[in-house]
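The next block holds one structure in the form of structure tokens; read it before the comments.
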Amino acid sequence: MKIKLIYIILVALFVSPGNLFGQVISPEVSEFLKLEQNQYFANRDSAYADPVYGLKKLIYGNRRFAEDKSINPRQTDQDLKNTEAGQAPFAIIIGCADSRVPNEIIFDQGVGDLFITRTAGQVMAEASYGTIEYAVEVLKTRLIVVLGHQSCGAVDAAMKLPANPPGHVVTLINSIKPASLRAKAQNLPAKEALDVAIRENVIEQVKMLRGLEPVLSRKFDGEDILIVGAVYDLQTGYVNFIEETITSLPAFSQKLASK
């Protein structure tokens, strides 16, 4: 009974008004990111300089989108011309190619804000690694988000393991298979198992990028970049960041130790 009461209190504190399935963020993570309730805006320049602040900017932008308060920033003809000479995106999004997950829209960002690579199931290979490393080394982007989504067809295929997948689809299935096997081992109903597999797939990809030599592992260990994971909810419009990918950041551990 006490646990249920605590959960109700947390939901009341952190779920956005008018949406019972909104952003639920633990007090510890909220404090680490310095999130403010009923806040929707964060400075763009600060987001480029500080990846923790950039994470907050993405959360606020998604909050605007999910609550039908999008402002569609930096999307004019002049904004296009302003970036003609170069770019400085504050976040790298590694997302699924699914047409229902348009990254700039769900985070309410504009031209030059996000550096995006997308494949089915956000499965990565050599070209993806080079793309990410380019953004980190050349563009100096310090925040990397692996973004999965609810009802992901690629993950569902890995769960069902079709006998003869067409063409190169088998490469996607094989990459996601470890996450799907962990989900299946929990013996859950099909939909719940798929949700677990989607989350596990993101966590697996975050861990892989954190250990990717030589660029990302070095920069992550040196706290030059953040690499975190999230899952987009198609029903609510909210992006829910996977908290264990935030609480496992060196900066989070240091903050706890300093208390």
Side-chain angles (χ1 to χ4, degrees), residues 89 91-107 114-139 141 143-220 225-234 239-242 244-245 248:
I92 301 162
I93 310 294
I94 302 156
C96 182
D98 194 296
S99 62
R100 299 167 295 177
V101 194
N103 295 177
E104 283 93 350
I105 293 176
I106 66 174
F107 285 114
L114 305 178
F115 194 86
I116 299 168
T117 176
R118 297 175 67 180
T119 59
Q122 63 277 349
V123 170
M124 289 169 272
E126 298 299 323
S128 302
Y129 304 148
T131 300
I132 299 162
E133 290 172 346
Y134 169 80
V136 169
E137 290 279 52
V138 178
L139 304 180
T141 306
L143 172 60
I144 300 174
V145 178
V146 178
L147 180 64
H149 69 93
Q150 176 197 37
S151 303
C152 180
V155 178
D156 190 41
M159 292 289 286
K160 293 175 179 175
L161 292 177
N164 296 297
H168 295 287
V169 172
V170 68
T171 62
L172 301 174
I173 292 174
N174 287 339
S175 294
I176 302 170
K177 189 175 178 180
S180 70
L181 290 176
R182 287 197 295 275
K184 285 182 177 180
Q186 298 188 29
N187 296 315
L188 297 168
K191 185 182 183 306
E192 292 178 34
L194 177 58
D195 289 342
V196 170
I198 289 166
R199 187 176 184 275
E200 285 292 318
N201 187 45
V202 170
I203 293 172
E204 185 81 11
Q205 291 164 340
V206 167
K207 290 178 179 177
M208 182 272 295
L209 288 178
R210 288 179 177 182
L212 187 65
E213 297 286 356
V215 176
L216 299 188
S217 62
R218 172 171 48 86
K219 287 188 173 290
F220 179 78
I225 62 173
L226 297 187
I227 305 175
V228 299
V231 176
Y232 173 62
D233 191 316
L234 295 174
V239 171
N240 296 304
F241 283 85
I242 299 174
E244 68 183 79
T245 68
S248 58

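These values consider heavy atoms only, across backbone and side chains, with no hydrogens, waters or symmetry-generated copies.
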Next on the checklist: For the backbone of P89 and the side chain of T141, can you confirm whether one donor and one acceptor N or O come within less than 3.5 Å of each other?
Outcome noted: yes
Checklist outcome for this item: Residues L234 and Q150: closest non-hydrogen pair is N-OE1, 3.0 Å
Next on the checklist: Suppose we screen for side-chain contact (heavy atoms from CB on, under 4.5 Å). Which residues come up paired with A230, at least two apart in sequence or across chains?
Outcome noted: V145, L147, V239, F241
Checklist outcome for this item: dist N201:CG -> C152:SG (nearest 0.5 Å) comes out at 7.5 Å
Item to check | Heavy-atom side-chain contact between I94 and I144 under 4.5 Å | outcome: yes
Next on the checklist: Is it the case that over 12 heavy atoms from other parts of the model lie below 6.0 angstrom from the NZ atom of K184?
Outcome noted: yes
Item to check | Residue pairs passing the salt bridge (Lys or Arg N to Asp or Glu O under 4.0 Å) test where at least one lies in residues 122-135, sequence neighbours excluded | outcome: none
Listed pairs under 3.5 Å, donor-acceptor, residues 114-122 side chains, sequence neighbours left out:
residue : atom : partner : partner atom : Å
R118    : NE   : C96     : O            : 2.8
R118    : NH2  : C96     : O            : 3.2
R118    : NH2  : D98     : O            : 2.6
R118    : NH2  : V101    : O            : 3.1
T119    : OG1  : V123    : N            : 3.0
T119    : OG1  : V123    : O            : 2.6
Q122    : NE2  : Q205    : OE1          : 3.2

Item to check | I242 side chain near V228 side chain, heavy-atom distance below 4.5 Å | outcome: no
Show me the donor-acceptor pairs within less than 3.5 Å that the side chains of residues 206-216 make with the rest of the protein, sequence neighbours left out.
residue : atom : partner : partner atom : Å
R210    : NE   : I227    : O            : 3.1
R210    : NH1  : S248    : OG           : 2.9
R210    : NH2  : I227    : O            : 2.8
R210    : NH2  : T245    : O            : 2.6
E213    : OE1  : S217    : OG           : 2.9
E213    : OE2  : S217    : OG           : 3.3

Next on the checklist: Testing the basics here: between Y232 and R100, what is the closest heavy-atom pair and its distance to 0.1 Å?
Outcome noted: CE2-O, 3.8 Å
Identify every side-chain donor-acceptor pair in residues 153-173 under 3.5 Å, counting partners at least two apart or on other chains, and give the distances.
residue : atom : partner : partner atom : Å
D156    : OD2  : K160    : NZ           : 3.0
T171    : OG1  : H168    : O            : 2.6

Next on the checklist: Can you give me the closest heavy-atom contact between N174 and P178, atom names plus distance?
Outcome noted: O-CD, 3.7 Å
Next on the checklist: Just to verify, what does E204 make a salt bridge (charged side-chain N to carboxylate O under 4.0 Å, His left out) with, not counting sequence neighbours?
Outcome noted: R182
Report, one line per pair, each donor and acceptor closer than 3.5 Å where one atom sits in a side chain of residues 190-199; sequence neighbours left out.
residue : atom : partner : partner atom : Å
K191    : NZ   : D195    : OD2          : 3.3
R199    : NH1  : E244    : OE1          : 3.4
R199    : NH2  : E244    : OE1          : 3.3

